[in-house]
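For clarity, every value in this text was computed on a predicted model and none was experimentally measured. First the proteins, then the strands, lettered A, B, ... as listed; each starts at 1.
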Amino acid sequence: MPKRHFKIQGEPLLYSCYDDVVFIYIQFIMEDYKFLFKVVLVGNAGVGKTCLVRRFTQGLFPPGQGATIGVDFMIKTVEIDGEKVKLQIWDTAGQERFRSITQSYYRSAHALILVYDISCQPTFDCLPDWLREIEEYASNKVLRILVGNKMDREDREIPMHVGEDFAQRHDMYFLETSAKEAENVEKLFMEIAAELMEQARSKELPRYDTNSPTINGRTTSIGDSNCCSKLS
Amino acid sequence: MISIKLNPQELGDSGGIQKVCEKIVAEEENVTKQLENLLSRQCHLEAKLRSVTKALPNLQIVKSDAQHLSEMIAHTSNLAENVSAKVRKLDDARSRVSECQQRVHDLLDLQLCSEGVKLALQEEDYEKGAAHVHRFLSMDQTLLRQTADDVQQDCTAVTNSFSLLHKAAELLQTEVTARFDEAVRADDLASVERFFKIFPLLGLQDQGLNKFSVFLCSKLQETAQKNLRAALETRSADKRASVLYADTLTLLFEGIARIIEIHQPLIESYYGPGRLLTVANALQEECDRQSKLILNEFRKHRQLDSALAQVADWLRSANSSSSSANTSGATTSQQSRTDPKNLDLLLGELTIMHARAEMYVRFIRRRVQNDVEVGVSAEVTRGLLMDKLETMLRASGLCHSMQALLGNYLQLEHYFMAESVRKAVALDQLEENLQIQQTSSMVDDVFFIVRKCIRRAISSSSLDGVCAVLNNACSLLEADYCSVLRAQLRHGYMSGYLDLTQAYNALQSSIQQGRLQASDSEKARLTFLAYLNNADVSTEYIATLRLSLGDEMAAALPGMTERDRAKLESCLSGLGGVTASLRALVEYGMSQLSASAIKPRVSPWVDAFLNVSHVLTEEEFSSYEANEPFVRNLVANLESLLSSFKSSLTPTNYDTLVSILATEVTHQMEKVIAKSSFNRLGGLVLDKEVRVLVGYLTNATSWSIRDKFARLTQIATVLNLERASEISDYWSNEPGAIAWRLTPAEVRHFMTLRTDFRSEDIKRIKL
Ligand SMILES: Nc1nc2c(ncn2[C@@H]2O[C@H](COP(=O)(O)OP(=O)(O)O)[C@@H](O)[C@H]2O)c(=O)[nH]1
Ligand SMILES: [Mg+2]
């Protein structure tokens, strides 16, 4: 019987003999998806994280919404190779005073999108600080993506190759996007979903456990993936 | 009538003539018919003519009647037109009269007003004066001047009145403003309210509202500062000392709420509804200032910043020590660490502050919303006003302070939870007798702490706060707590000794060498079992925790949106991840237990089967049947093995153990059976033995494990056949037949163990 791959979410309905454990998870029965991934967006306030999420989940560019408070939560189910993949997207507030809230989401993230604004040097200069946070709190298996947003803007301050270099040096995928013009937004999330699905399939059962010496899936998938890094 | 045209050419020959002649004849016939027809109607027509002639005189009368009617209608219409024109004129006239009356009234009032104002000003009766000015302001001044002209009256009187009233209005404005300010200075609330009511009469709504707001703010400032001073003077022995600043902040919020409660009706009745937002705006600015002062004192006196700095240090060292596994560095920094207990009160106060601010913001929102709903009819405008309020609140200093405060709380809570759990683990204690307490002390302690922290977060009324603490709790449980359990379970049961004898021997020799005490080994065994129980009980605690938290949160965070709930649910489901990790740990521990305590011990017990011959004579059979030495021994051994664990394991763990044991026993039984030979009576004995064994083990657990014995039972069935061919009675594809776990090859193989079955017979069987 093929093993059905799923994230353990709910409480088991039935737990019997240990050597042929039968876990029946409520969520597994009720929800029609095989993969659930958590994606967390971080980066300075105002770089367009909320706009990217809205563009992807609702297909719109929101006019003048206020800055995000704490953490916002969106869900979108996509289909990859005929499989339903549920993306849980956590949009964080960039300001320092929300840091304790946002940090608590790093550990369980499957993918972290670090966003800067290509027309705003300071948002790029802060990237090392963000990386330090990621190192500190996130699982070392997390998929990391650097995104230069607002590529539609004429007043570019960060040339694309500078962003690309940075991403390469820090072992991250790279992509430039425009939430405003819907450029590369779909692509960003879909490729993340595809990559995570690939990783999940190559492992037995994904675990967040940092202590267990399971395979580090990311390093193997970095060079040979067609995700982000090759894009122009 | 004759329609035939004679064409000369047609008459050129006789045939032509003939044709024409035929046509003519036909035509003639036709004409004749028509004539007959006409004649037949003559009679009828004549009768009609006669009756018409008779009716002729009557027509004359009808005609004259009709003429008469027409004249009458014309007349009536004329009349009606005349009347309606008159009515219209009358109506015009009437409205002019009333307009005129209004103007006359106005003129008269003007006169009255100008006289009244003079008198009122003299008498300092500002209300009356303002009422006169209000009346005057409601008049159409240009029209009045015209009227005065129209009625040929002396226009100067009106103009005089105008200038007088204008002057009076100005005078009143300055006077009322001055009096208001004076009342504010004198802190004369009655006068403040008195003059506040006069502003709108003078058309000065905005000014009045602003001045009043400033006044309210000054009152607010005064009380807030008084409260803060009182707080700073409170002795530390005071009952409320630990929540002093939360109390002071609460007093500020209550003060604002009271101000709104008291003054909203006043504002609404004298300035109209929809004006509260202006006042709330002003009050919010003062609230921002005052709350900041309180929070500054709070930070200073509670040494919040030094606590935060320590926590930041701890976090840094925790992260570096986890990456470099530098334990000695970790222990030195442990000494300088704050005892998490010392943070308890501070954490409590932080959450109260946040909760109170949330409550206050909800109050303001509700009040302004009510006011806007009453005062503003256009839905769009209402929406805009509410957006304005939200923007104001979001940008307010209070909200920013509270967000920062919540952040501080979360940092400290993170430390509190992690350090308290670390302490609970360090102080872990084991009851010597697992029958009294099956788990070690840390399980209850750890879950008590985690529950306490999450509950405290709930009391902050912040969903983001609750989610963050939940996330941290899941991290802590899944990483730190589980790794403590795992580390213990990794040591294995009996510290790696394969069986009791081996352990006993090792123990003896080490005691002789003075290295080890007997209790150490016993202790290790107990600790292992306790940790196995810890893991199992933890899954139960998590299930309970999740259930109770769900309810508590729904009660503490009312008004959650669908998305909020989904957010919370997602964070709660992190606990499911912890459960999965714990289950994996139990599984791991059980495999350890099985490897050291089950497998090595079961083997010799089952191997005893080989010492008993299963090729029996009748005599041997009856004596064997009476004693059943093998299976009775086996069951007795299993019984003593299980009973040594029964009271030391949680019910779930015990059932798991029985299940493992059952698997192991059947597995080994299969092996020894395969090595034996049987005759008919030996098969009968085996079948009985298997029944006894299965009966014992299935009764030993509350789980249904009968299925585990399916193969063994079937083997016994095969070996207990009367004749080889009898197998076809059992082997069937029909529904309801035995679901065979043995392959046909296995069935055949086991049949060969029967010394009395001939191999040709076995081969002949169709399976
Ligand atoms: N030109 C341009 N502006 C953008 C884009 N994405 C976001 N913005 C603007 O950047 C500002 C901040 O966006 P927001 O999503 O709130 O940033 P966040 O703080 O990172 O969530 C808003 O004014 C957006 O309109 C983009 O792709 N192009
Ligand atoms: Mg945002």
Is the shortest heavy-atom distance from the side chain of [X] to the side chain of [Y] under 4.5 Å?
X: S100(A); Y: Y409(B); answer: no
X: E136(A); Y: L315(B); answer: yes
X: F73(A); Y: L568(B); answer: no
X: R99(A); Y: Q411(B); answer: no
X: S570(B); Y: W90(A); answer: yes
X: R394(B); Y: I69(A); answer: yes

Checking heavy atoms, do the side chain of A67(A), its backbone, both or neither come under 4.5 Å from chain B? backbone
Max heavy-atom pair count under 4.5 Å with chain A, selected residue of A468(B), S462(B), G465(B): A468(B)
Could you check S475(B) against Y137(A) for side-chain contact (heavy atoms from CB on, under 4.5 Å), going step by step and ending with a plain yes or no? CA-CA 10 Å; S475(B) 302; Y137(A) 295 98; over 6 Å; no
When rounded to the nearest 0.5 angstrom, what is the spacing between CG in L406(B) and CZ in R97(A)? 11.5 Å
Working for side-chain contact (heavy atoms from CB on, under 4.5 Å), residues R563(B) and M74(A): CA-CA 8 Å; R563(B) 193 130 61 94; M74(A) 297 269 191; 3.8 Å; yes
Charged N-O contact under 4.0 Å between D72(A) and K567(B): no
For C399(B), is it the side chain, the backbone, both, or neither that has a heavy atom closer than 4.5 Å to a heavy atom of chain A? neither
Before you tell me yes or no, could you show the steps for R107(A) and E478(B) under side-chain contact (heavy atoms from CB on, under 4.5 Å), namely the whole-Å CA-CA distance, both residues' side-chain angles and the distance that decides it to 0.1 Å? CA-CA 11 Å; R107(A) 193 191 63 99; E478(B) 212 177 328; 3.6 Å; yes
Non-hydrogen atoms of L410(B) and I101(A) that approach each other most closely: CD1-CG1, 3.4 Å
